[in-house]
Amino acid sequence: MAVTGGILVLYLIAHMVGNLKIFLGAEDFNHYAHWLRTIGEPAVPRRTVLTLIEVVLGVSVVLHMWSAVSLARRASAARPVKYQSKKKSHAQGYAVRTMRYGGVIIAVYVVWHLLDLTFFVVNPKGSDATPYERMVADFDPSRWYITVWYVLAVALVGLHLHHGIWSAFQTLGLRNPRRDRALRGLAATVAALVTLGFVSVPLSITFGWVS
Ligand code: HEM
């Protein structure tokens, strides 16, 4: 869980920083999208590095979900006799719900997002446009509901990251009473920065600050 989660967090940070290039204008953003496909050229053919990244991401997502299911199964098998009281601590119930149902909604969002900005099936501009044009058309004020969908999904990603990073610190044995405050702060800061960086793009387009 922690290793695949770590890979996905690094990807999310890189992806969020890349998206911020939209604020530098159409030329810079399109140049960045082109660069993603030509990294390593001419030493390696076009899209080699991007394909490698896609394979690592795909495998990480599958293993991450598989670990989640098998850990949950192991936890319930370890306690065949149910707790007498159904009452859970607030934090426990909240974390389980956010991670479990949030994770499923994030997976649905990623499928939509790929159909939108990678395969252009649900994008208003389609494959003839530039990456910048597709992004601006996607979050046009008339399509405010798409912006709301992205913002809500990214907020869930933020919650998932917050709890996930915190759990990873525990798994990696980094937690102790002296460090806990700092580690909690680090998890919250990374999650907040990734969330704000991501949502700033659709919101800026919908509010007309980027066009
Ligand atoms: C407001 C938020 C987001 C925006 C505006 C956005 C935008 C984009 C764009 C423009 C692409 C196409 C890049 C290209 O091929 O040139 C892309 C690809 C992708 N995004 Fe996002 N993204 C956002 C959030 C997310 C989140 C939260 C996730 C994961 C949970 C995610 C996962 C992906 C994946 C897996 C790809 C495919 C990468 C590839 O081509 O292999 N994105 N995104």
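In listed order, ligands and their atoms are each counted from 1.
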Any L114 heavy atom less than 4.0 Å from ligand 1: yes
Which word best sums up how the rings of F207 and W209 line up, parallel for under 30°, tilted for 30 to 60°, or perpendicular for over 60°? parallel
Under 3.5 Å donor-acceptor, R47 side chain and T38 backbone: no
Hydrophobic cluster membership, with links at side-chain heavy-atom distances under 4.5 Å among I/L/V/M/F/W/Y: are V111 and F198 in one? yes
Would you mind checking which non-hydrogen protein atom is closest to atom 29 (C) of ligand 1, with the distance to 0.1 Å? L12 CD2, 3.6 Å
Contact bool for atom 2 (C) of ligand 1 (protein heavy atom, d < 4.0 Å): yes
Could you find the nearest protein heavy atom to atom 39 (C) of ligand 1 and give me its residue, atom name and distance? E54 OE2, 3.3 Å
Which of the listed options, L36, I205, T147, V110, holds the heavy atom that is closest to atom 30 (C) of ligand 1? V110
Backbone N/O of W166 and side chain of R184: donor-acceptor pair under 3.5 Å: no
Around atom CE of M99, are there more than 12 heavy atoms from other residues, nucleotides or ligands closer than 6.0 Å? yes
Option with minimal heavy-atom separation from atom 24 (C) of ligand 1, where the choices are Y150, F29, Y109: Y109
Distance from atom 15 (O) of ligand 1 to nearest protein heavy atom, with residue and atom: R37 NH2, 2.6 Å
Go through it in stages, so that I can follow the logic: the residues are Y150 and Y109, the test is ring pair (Phe, Tyr, Trp, His ring centres under 6.0 Å), and I'd like the CA-CA distance, side-chain angles, deciding distance and then a yes or no. CA-CA 8 Å; Y150 266 76; Y109 162 75; 5.2 Å; yes
Counting non-hydrogen protein atoms only, what is the nearest one to atom 32 (C) of ligand 1? Give residue, atom name and distance. H113 CD2, 3.6 Å
Check each atom of ligand 1 against the heavy atoms of T118 and keep those under 4.0 Å away; list them by number with element. 18 (C), 37 (C)
Side chain N123, main chain L117, donor-acceptor under 3.5 Å: no
Select one of side chain, backbone, both or neither to describe which atoms of M16 lie under 4.0 Å from any atom of ligand 1, heavy atoms only. neither
Is it the side chain, the backbone, both or neither of H160 that has a heavy atom closer than 4.0 Å to ligand 1? neither
Around H34, counting heavy atoms of other residues, nucleotides and ligands shown, do more than 12 lie under 6.0 Å from its NE2? no
Heavy-atom nearest neighbour of atom 23 (C) of ligand 1 within options F198, Y11, W35: F198
Taking non-hydrogen atoms only, is V151 closer than 4.0 angstrom to ligand 1 via side chain, backbone, both or neither? neither
Where's the contact between I53 and ligand 1, heavy-atom distance under 4.0 Å: side chain, backbone, both or neither? neither
Any idea which of L117, L57, L20, T51 brings a heavy atom closest to atom 9 (C) of ligand 1? L117
With heavy atoms only and a cut-off of under 4.0 Å, state how H15 meets ligand 1: side chain, backbone, both or neither. side chain
Which of the numbered atoms in ligand 1 are below 4.0 angstrom from a heavy atom of M135? 5 (C), 10 (C)
Of the protein's non-hydrogen atoms, which lies at the shortest distance from atom 4 (C) of ligand 1, and what is that distance? N19 ND2, 3.2 Å
Can you tell me how far apart OG (S70) and CE (M65) are? Round to the nearest 0.5 Å. 12.5 Å
R47 to ligand 1: N or O pair under 3.5 Å? no
Side-chain donor/acceptor of S200 to backbone N/O of G197, under 3.5 Å: yes
For ligand 1, which atoms have a heavy atom of P202 less than 4.0 angstrom away? 1 (C)
Can you check whether W112's main-chain N or O pairs, donor with acceptor, with D116's side chain at less than 3.5 Å? no
Are any side-chain N or O atoms of T48 and backbone N or O atoms of P45, one a donor and one an acceptor, separated by less than 3.5 Å? yes
